[in-house]
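The block underneath contains the structure these notes are about, expressed in structure tokens.
Order of appearance sets the numbers: ligands from 1, and atoms from 1 within every ligand. In this chain, residues are counted from 1 in sequence order. Any value given below was found using the heavy atoms of this structure, including those in side chains, with hydrogens, waters and symmetry copies removed.
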Amino acid sequence: MVATLLHEIPLQGGDVTDGVVRVGDTVRRPASSSTPAVHALLRHLEAAGFAGAPRVVGMDELGRQILTYLPGTTGLRLESVTDEALGCLGVLLREYHDATVGFPLTSKGWEGGSNDDRAPEVIGHCDLTPANVIFQASRPYAMIDFDLARPTTRLFDIVTTLRHWAPIADPVDRPPLLRNLDVGARLRLFCDAYGVEPRDRRRLIELARFRFHRSYAVMRTRATAGGNWAKMWAGGAGERIRRAVVWLDAHEEELHAHLV
Ligand SMILES: Nc1ncnc2c1ncn2[C@@H]1O[C@H](COP(=O)(O)OP(=O)(O)O)[C@@H](O)[C@H]1O
Ligand SMILES: [Mg+2]
């Protein structure tokens, strides 16, 4: 065991799970109640030929998940905020959703969280933040961290992704690299790349607003349990959602016009 520990390299960049480490070509992550469902999903993706997610290797002697390590970079940098990168991300999310088709849409076993009221269509990733997308140069080619995956609609997962990448946020809360982008144009570009249906495009802004209200309530509840969720809440997560709603209301017509 000592030999294993010596070769553990802590992986930074995530904001929720403590103790994510790299060991050789693998990543070790603490297991949680959703781990069996997540591993079944990752195995389904592998069988479906989807290359944009880690493979499950198994569990280690400390009860941690063993996943394959995917080389590349995470987080925002100049080449990850380009139109080209956003288009690739739209294609990646589409390929992922299509690859989940056939996986049972039962709600049991997943972490849970805010959701659409409509019947689920796919297993959404539901947390496609910059820290959870792996890039090689300017191309996002894989997604990691399926802790919040759950049955949902395609559009709910699209809205969650665009929250971070368009981004659907008040400019004061955006990372500097995303501050001066044309959000409406980026919503459209992403939807074109994904191939979002017209009826879903018409519903996108409405669902974004609905999701903010749901997420706010879910995060506030989670924060009462303490831990990293409480830290995120204390760090202003709720206020950022409230400002995003105000920004969305103020720009609704202009954003909607890009989509329809
Ligand atoms: N399979 C993987 N391949 C490469 N890097 C990974 C992998 N899993 C995690 N990482 C790195 O570790 C960071 C934290 O891991 P993550 O699974 O996202 O945990 P958290 O729940 O803390 O967000 C990621 O942002 C990424 O940089
Ligand atoms: Mg993460």
Side-chain angles (χ1 to χ4, degrees), residues 4 7-46 50-60 62-77 79-81 85 88-89 92-93 96 99 110-114 123-150 157 160-165 167 175 177-178 215 218-219 222-223 225-235 237 240:
T4 306
H7 293 96
E8 296 199 350
I9 304 163
L11 290 171
Q12 265 111 35
D15 43 23
V16 175
T17 312
D18 295 323
V20 182
V21 296
R22 177 175 175 183
V23 181
D25 291 338
T26 70
V27 167
R28 313 294 170 106
R29 299 179 90 250
S32 71
S33 59
S34 65
T35 298
V38 169
H39 284 194
L41 173 67
L42 293 177
R43 291 192 167 106
H44 172 96
L45 294 174
E46 180 174 9
F50 178 71
R55 303 295 183 221
V56 180
V57 180
M59 304 295 284
D60 73 7
L62 299 177
R64 301 176 299 187
Q65 311 177 46
I66 311 176
L67 304 170
T68 54
Y69 176 83
L70 301 173
T73 58
T74 54
L76 293 175
R77 47 189 70 217
E79 59 269 31
S80 58
V81 302
C88 288
L89 191 65
L92 181 66
L93 188 63
Y96 162 70
W110 304 105
E111 174 67 30
S114 64
I123 305 295
H125 180 283
C126 297
D127 194 24
L128 215 53
T129 62
N132 290 337
V133 175
I134 311 255
F135 278 79
Q136 273 194 326
S138 59
R139 202 176 72 87
Y141 80 97
M143 43 183 85
I144 54 169
D145 190 357
F146 286 74
D147 280 2
L148 298 185
R150 54 190 181 264
D157 209 16
T160 302
T161 304
L162 289 169
R163 156 81 169 129
H164 303 289
W165 289 94
L177 282 170
L178 295 174
S215 301
V218 167
M219 289 185 83
R222 277 189 173 146
N228 285 338
W229 289 105
K231 268 190 232 154
M232 280 166 69
W233 191 256
R240 284 191 290 277

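Trp233 and Ala223 get closest at one heavy-atom pair: CB-CB, 3.5 Å.
Contact annotation: for Val20 versus ligand 1, heavy atoms closer than 4.0 Å belong to the side chain alone. Proximity of Thr68 to ligand 1, defined as any heavy-atom pair under 4.0 Å, is confined to the backbone N, CA, C and O atoms.
Remark: Leu45 CG to Ile123 CD1 distance equals 9.5 Å, nearest 0.5 Å. Atom OG of Ser215 is separated from atom CZ of Arg222 by 9.5 Å, given to the nearest 0.5 angstrom. Atom OG of Ser80 sits about 10.0 Å away from atom CG of Leu89, to the nearest 0.5 Å. Rounding to the nearest 0.5 Å places CG of Asp60 at 8.0 Å from OG1 of Thr26. Atom CG of Asp25 is separated from atom CD1 of Ile66 by 12.5 Å, given to the nearest 0.5 angstrom.
Geometry note: the Mg ion (ligand 2) is the vertex, Asp145 OD2 and Asn132 OD1 are the arms, and the angle is 100° (rounded to 10 degrees).
Not a single heavy atom of Leu67 sits under 4.0 Å from any atom of ligand 1.
Each of the atoms 18 (O) of ligand 1 lies under 4.0 Å from some heavy atom of Asn132. Which parts of ligand 1 touch Ile134 is read off a 4.0 Å heavy-atom cut-off, strictly below it: atoms 4 (C), 5 (N).
The shortest N or O to N or O distance between Tyr69 and ligand 1 is not under 3.5 Å. At least one N or O atom of Ala131, backbone or side chain, sits closer than 3.5 Å to an N or O atom of ligand 1. For the pair Pro54 and ligand 1, the shortest N or O to N or O distance does not fall below 3.5 Å.
Considering only non-hydrogen atoms, atom 17 (O) of ligand 1 lies nearest to Arg29 out of Arg29, Arg28, Arg22.
Remark: of the listed residues Val133, Thr129, Leu93, Val133 is the sole one forming a side-chain contact (heavy atoms from CB on, under 4.5 Å) with Trp165.
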